[in-house]
Amino acid sequence: MDVIIITGGSKGIGKAIAKKYAIENYKVYSLARSTSDIKNITQITVDLSNLKDTETCFKNLLEEIKQLEITSITLVNNAGRLGKITTIENLTSNDINTTIQLNITTPIILTSLFIKLTQSITCKKQIINISSGAATKPYEGWSAYCTSKAAIDMLTKTTASEQASIKNGVKCIALYPGVVDTNMQSQIRNTSENDFKNLQRFIDLKENNELYTPEFVANTIYTIDIEDRLVNGAIFDIRNV
């Protein structure tokens, strides 16, 4: 049995990934605040910004999975938020904290638990972090988001380096999905240009039908996964695949 755990698997890219892997007969678990209408996945309701609840939930899930006969297990750190779009001096401490916590603190905790609690499992083990081109390009108005995605990339690299020399270690990869037609893009387009100078670019991408669909991203991830093209420590930009 092939197992995949996806954070934020009820909407957007996460939902599309969950649906694709379920179709391909994976045992799919979604950890999210909400549920969706996807069939053949186990949906676990949890607020991923609540660290105590998230840790308890994830530990219990991995203990349950360890009782199964599995041939691979994958964690997809997908859940995230853009946060309020505005220059840094106009961000509240609560918004900064929530964005950083969900985008990087939770993935670090889940990565730590995943590696620790799957040490006895001898099969293909991997972590896929959904990052962003914003990790390397500063967007005015996205300071917390850009910062958190840069941190995700470094989490990927350090984890991969640590695991590379370990027998039965965990492969760790980050992916840039490109600009995808999700609720996050709707949030961006509804922002004032005073708060986000790049607004017109994103409006144009939508009007010119240049946004990727979540399904395209999910299909691409699945393809490069089963073709074993996910190299440990690599940062993949889907636009270049």
Heavy-atom distance under 4.5 Å between the side chains of [X] and [Y], does that happen here?
X	Y	answer
Thr71	Met1	no
Pro107	Ile152	yes
Gln163	Ile115	yes
Ser36	Lys11	no
Ile4	Leu75	no
Ile5	Phe58	yes

If you measure from the Lys or Arg side-chain nitrogens to the Asp or Glu carboxylate oxygens, is any gap between Lys27 and Asp2 under 4.0 Å? no
Passes side chain to side chain contact (heavy atoms under 4.5 Å, CB included), Ile65 versus Ile73? Steps please. CA-CA 9 Å; Ile65 290 172; Ile73 181 167; 3.9 Å; yes
Might you confirm whether atom [atom1] of [X] has over 12 heavy atoms from other residues, nucleotides or ligands at distances under 6.0 Å?
X	atom1	value
Lys19	NZ	no
Lys66	NZ	yes
Ile88	CD1	no
Asn208	CG	yes
Glu89	CD	yes

Check the orientation of Tyr21 and Tyr222. Use parallel for under 30°, tilted for 30 to 60°, and perpendicular for over 60°. perpendicular
Plane angle bin for Trp142 and Phe202 - parallel if under 30°, tilted between 30 and 60°, otherwise perpendicular: tilted
side-chain hydrogen bond (donor to acceptor under 3.5 Å, both in side chains) for Thr7 and Asn78? Distances and angles first, verdict last. CA-CA 5 Å; Thr7 64; Asn78 163 76; 5.2 Å; no
Does the salt bridge (Lys or Arg N to Asp or Glu O under 4.0 Å) test come out yes or no for Lys15 and Asp37, once each step is laid out? CA-CA 9 Å; Lys15 180 178 180 179; Asp37 57 354; 3.2 Å; yes
Give a yes or no on whether the backbone of [Y] and the side-chain of [X] come within a donor-acceptor separation of less than 3.5 Å.
X	Y	result
Thr98	Asp95	no
Ser161	Lys157	no
Gln187	Gly83	yes
Asp47	Arg33	no

Report the C-alpha distance between Lys59 and Glu63 in whole Å, list the side-chain angles of each, state the deciding distance to 0.1 Å, and finish with yes or no for salt bridge (Lys or Arg N to Asp or Glu O under 4.0 Å). CA-CA 6 Å; Lys59 283 181 176 178; Glu63 289 302 324; over 6 Å; no
Salt bridge (Lys or Arg N to Asp or Glu O under 4.0 Å) between Asp228 and Lys171, intermediate numbers included: CA-CA 11 Å; Asp228 202 27; Lys171 183 189 295 184; 3.3 Å; yes
Please evaluate residues Thr213 and Asp181 with respect to the criterion side-chain hydrogen bond (donor to acceptor under 3.5 Å, both in side chains), reporting the C-alpha separation (whole Å), side-chain torsions for both, the decisive distance (0.1 Å), and the verdict. CA-CA 6 Å; Thr213 65; Asp181 198 2; over 6 Å; no
